[in-house]
Amino acid sequence: MSKIEIKRIDEKEANLVVGLFNQYRIFYGKFSDLGMAKAFIDARLENNESVIFVALDGDKPVGFTQLYPKYSSARLTKNWILNDLFVDPDYRKQGIGEALIKTVIDFAKGQGSTFVQLETAVDNFTAQSLYEQIGFVKQGPDEEFLLYKIEIK
């Protein structure tokens, strides 16, 4: 394996992550649909709605992460939600996920953000261990704000 390069992609490079994004969705129990995956990634990048970093082994994409901005009017901040993180199964346990996350943290610092947040499945113990090792702290109820959610059908 050659040295892994991590870079931010733009809309012209969306194809680098479409296959990985499709695999990520399958990992979370969704159906495979490369066309829909491509349309989704294209729209996020074309509309400047997300930031995507890809890990490359030479020319081969082997991992990616996608971030969405999170704004707070009261706090006057723009922070980031690390929404998607996926590493090709053949490349796991090689530090690629950690390198992607550290790239995200450096990016957020450079943007003047005060935090990066993420969610993961309650049974994804491998990911939870990595997040905690890097320094993410599992959150309890917020002291200032309560989170509510309604399903839209």
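Residue numbers start at 1 and run along the sequence shown. As the structure is a computational prediction, the values presented were derived from the model and not from experiment.
- Remark: aromatic rings of W80 and F115 are distant, center separation not under 6.0 Å.
- Put simply, the side chain of Q128 gets close to the backbone of A121: a donor and an acceptor are under 3.5 Å apart.
- Put simply, the side chain of L82 does not reach to within 4.5 Å of the side chain of Y68, judged on heavy atoms.
- Taking the six-membered ring where the residue is Trp, Y28 and Y24 present perpendicular rings, their angle passing 60° and hence far from 30°.
- The side-chain heavy atoms of I134 and I105, taken from C-beta on, include a pair separated by under 4.5 Å.
- Side-chain contact between D42 and E11 is absent, with no heavy atoms from C-beta onward closer than 4.5 Å.
- Judged by the 6.0 Å distance and 45° axis criteria, R92 is positioned over the aromatic ring of F86.
- Applying the side-chain contact (heavy atoms from CB on, under 4.5 Å) test between N22 and each of I26, L20, V18 identifies I26 as the sole match.
- Shown here for Q23 and P89, the closest heavy-atom pair between the two residues is OE1-CD, 4.0 Å.
- Residues G19 and L34 share a closest heavy-atom pair of CA-CD2, 4.1 Å.
- F40 carries R44 over the face of its six-membered ring, with the cationic atom under 6.0 Å from the centre and within 45° of the normal.
- Using a 4.5 Å cut-off on side-chain heavy atoms (C-beta onward), F64 and V87 make no contact.
- Minimum interatomic distance between F31 and R25 (heavy atoms only, all atoms of both residues): O-NH1, 3.1 Å.
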